[in-house]
Protein chains: 2
Amino acid sequence: MMDEKTYKEIQDSFTAYLTEKKLRKTEERYTILEKICSFSGHFDIVMLHQKLDETRFHVSKATLYNTLDVLVDAGLIIRHQLNSKSVQYELRNIAETHLHLICMKCGNIRELKNTSYTNFAKTLKITRFTAEFYSLYIYGICSKCKNKGSKK
Amino acid sequence: MMDEKTYKEIQDSFTAYLTEKKLRKTEERYTILEKICSFSGHFDIVMLHQKLDETRFHVSKATLYNTLDVLVDAGLIIRHQLNSKSVQYELRNIAETHLHLICMKCGNIRELKNTSYTNFAKTLKITRFTAEFYSLYIYGICSKCKNKGSKK
DNA sequence: TTTACTGCAAATATTTTGCAATATC
DNA sequence: GATATTGCAAAATATTTGCAGTAAA
């Protein structure tokens with residue numbers, strides 16, 4: 001879990017967004033966000049649903065999909081398609097401080113703490129577009145697959 | 001369509017891959033690759049299927065999914081999840097020379113010709129991973145949405 | 001020949017939608 | 001109170017699978 005201060009900032013940002021868009025501040029939305037903030041990496045819908053159920057907070061799939069859309073719109077989480085399986089989400093806050101190493105053989109994803117690419121990307125001159133954040137994916141072969149050869 | 005020389009290189013690379021993996025060199029696989037090489041940007045399964053049908057080359061969805069998997073494995077195309085709708089594919093060859101600007105309001109995607117991020121990324125020291133290619137996604141607000149306010 | 005690949009249709013998985021009940025504003 | 005949001009189940013989409021026929025090696 002992130003520190004309390006960061007969590008409060010994210011929460012406040014969500015509240016501001018909901019207010020601005022005249023959307024309702026429901027328990028479901030805040031509880032889902034809270035759960036997401038407890039993850040340190042990627043997650044998908046199924047996993048999030050399970051974790052919520054485990055803490056005895058059941059929401060319908062419809063609500064989950066709806067809330068994730070809202071959170072994406074609010075810019076608090078981002079959507080990745082890192083492998084062929086399922087859509088993965090990640091707190092923008094965390095995604096910003098990592099780049100993603102994706103093994104093209106086994107599909108494994110490694111997060112690598114690195115902020116230099118963001119700094120680099122900020123120097124790019126881009127017209128007719130206001131950049132908010134950056135995601136770098138590096139595709140290649142992880143050391144396991146390199147040694148063992150193809151796993152698939 | 002790319003120039004003939006590039007197309008031949010891609011085709012040869014596919015042949016080498018199929019040979020190495022002891023996979024068969026079928027007309028379907030080569031025709032699908034050829035069609036993909038005629039696109040200058042992203043495409044999805046539905047669009048590819050249509051375009052193939054238009055040129056009177058019908059393949060089943062099963063074959064299409066199978067072939068796209070093979071092409072991803074071969075490293076010739078990459079898979080993007082650029083918006084919430086559907087998975088999009090792109091020739092790796094083309095993807096490498098562009099970065100992607102994704103509007104968080106309207107979902108529109110703009111490709112921006114830029115290779116400097118690849119050069120930058122190549123300078124990153126990464127252990128236990130052999131990088132092959134790089135993809136930079138920049139999330140933000142496009143000028144249309146900036147002016148008009150939210151479209152959604 | 002052998003068996004990988006294809007097409008088709010059926011099975012799964014994923015996401016969206018309709019609608020009545022509920023809770024926010 | 002008005003109506004956005006929720007839950008549930010059904011519908012719509014997207015993807016995978018089983019299997020018999022076909023074709024590459």
Side-chain angles (χ1 to χ4, degrees), chain A residues 11 14-35 42-50 52-53 55-74 77-89 107 150 152, chain B residues 11 14-35 42-53 55-74 77 79-89 107 150 152:
Chain A
Q11 219 177 31
F14 192 35
T15 300
Y17 175 83
L18 293 174
T19 303
E20 187 211 324
K21 296 281 181 179
K22 301 205 195 324
L23 298 173
R24 292 186 178 168
K25 301 171 187 68
T26 66
E27 189 185 358
E28 285 79 4
R29 287 178 173 164
Y30 281 100
T31 307
I32 290 169
L33 177 61
E34 186 185 6
K35 180 57 70 186
H42 317 118
F43 61 93
D44 62 19
I45 291 256
V46 176
M47 190 269 240
L48 176 58
H49 207 177
Q50 274 178 347
L52 284 164
D53 276 348
T55 50
R56 307 218 165 281
F57 192 85
H58 177 80
V59 292
S60 65
K61 277 182 295 172
T63 300
L64 213 45
Y65 278 103
N66 169 53
T67 303
L68 287 172
D69 279 350
V70 173
L71 287 169
V72 168
D73 262 14
I77 63 174
I78 67 169
R79 212 186 306 257
H80 293 285
Q81 175 76 30
L82 297 166
N83 56 35
S84 54
K85 306 293 177 269
S86 63
V87 173
Q88 305 241 340
Y89 296 86
S150 174
K152 190 178 182 182
Chain B
Q11 218 178 30
F14 192 36
T15 301
Y17 175 84
L18 294 174
T19 303
E20 187 210 324
K21 296 281 181 178
K22 299 205 196 323
L23 298 173
R24 292 187 179 169
K25 301 171 188 68
T26 65
E27 188 185 359
E28 285 79 4
R29 287 177 174 165
Y30 281 100
T31 306
I32 290 169
L33 177 61
E34 186 185 5
K35 181 57 70 185
H42 317 117
F43 60 93
D44 61 20
I45 291 256
V46 176
M47 191 270 241
L48 176 57
H49 207 180
Q50 274 177 347
K51 292 284 180 187
L52 284 164
D53 275 348
T55 49
R56 309 216 164 281
F57 192 86
H58 178 79
V59 292
S60 65
K61 278 182 294 174
T63 298
L64 213 45
Y65 277 103
N66 168 53
T67 303
L68 287 172
D69 279 350
V70 173
L71 287 169
V72 168
D73 262 13
I77 63 175
R79 210 186 309 255
H80 294 286
Q81 174 76 28
L82 297 167
N83 57 36
S84 55
K85 307 293 176 269
S86 64
V87 173
Q88 304 242 341
Y89 296 85
S150 174
K152 191 177 182 183

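Residue numbers start from 1 in every chain, and the chains themselves are labelled A, B, ... in the order their sequence lines are given, proteins ahead of strands.
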Just verifying a value: how many Å separate [X] [atom1] and [Y] [atom2], rounded to the nearest 0.5 Å?
X      : Y      : atom1 : atom2 : answer
T15(B) : L23(B) : OG1   : CG    : 11.5 Å
E28(A) : L52(A) : CD    : CG    : 10.5 Å
T67(B) : L33(B) : OG1   : CG    : 10.0 Å
I45(B) : Y89(B) : CD1   : OH    : 4.5 Å

For H42(B) and H80(B), take the angle between the two ring planes, folded into 0 to 90°, and tell me which bin it lands in: parallel under 30, tilted 30 to 60, perpendicular over 60. perpendicular
Give the rounded distance in Å between these two atoms: [atom1] of [X] and [atom2] of [N].
X      : N       : atom1 : atom2 : answer
Q88(A) : dT14(C) : CD    : P     : 12 Å
I32(A) : dT5(D)  : CD1   : P     : 13 Å
Y30(B) : dA23(D) : OH    : P     : 18 Å
K21(A) : dT5(D)  : NZ    : P     : 13 Å
I45(B) : dT16(D) : CD1   : C1'   : 12 Å
K25(A) : dT6(D)  : NZ    : P     : 13 Å
D44(B) : dT13(D) : CG    : P     : 14 Å
L52(A) : dT6(D)  : CG    : C1'   : 14 Å

When you compare the side chain of E27(A) with that of F57(A), does any pair of heavy atoms fall below 4.5 Å? yes
Dump the intermediate steps for side chain to side chain contact (heavy atoms under 4.5 Å, CB included) on Y30(B) and L18(B), then the final yes or no. CA-CA 11 Å; Y30(B) 281 100; L18(B) 294 174; 3.8 Å; yes
Counting primed atoms, P, OP1 and OP2 as sugar-phosphate and everything else as base, the B/S/- map of nucleotides 1-7 of chain C against protein heavy atoms under 4.0 Å is --BBSSB
List every contact pair, protein side and nucleotides 20-22 of chain C side both N or O, where the distance is under 3.5 Å.
none

Before you tell me yes or no, could you show the steps for L68(B) and R79(B) under side chain to side chain contact (heavy atoms under 4.5 Å, CB included), namely the whole-Å CA-CA distance, both residues' side-chain angles and the distance that decides it to 0.1 Å? CA-CA 9 Å; L68(B) 287 172; R79(B) 210 186 309 255; over 6 Å; no
Within 6.0 Å of NZ in K51(B), more than 12 heavy atoms from elsewhere: no
Distance below 4.0 Å between Y65(B) side-chain N/O and dT15(D) OP1 or OP2: yes
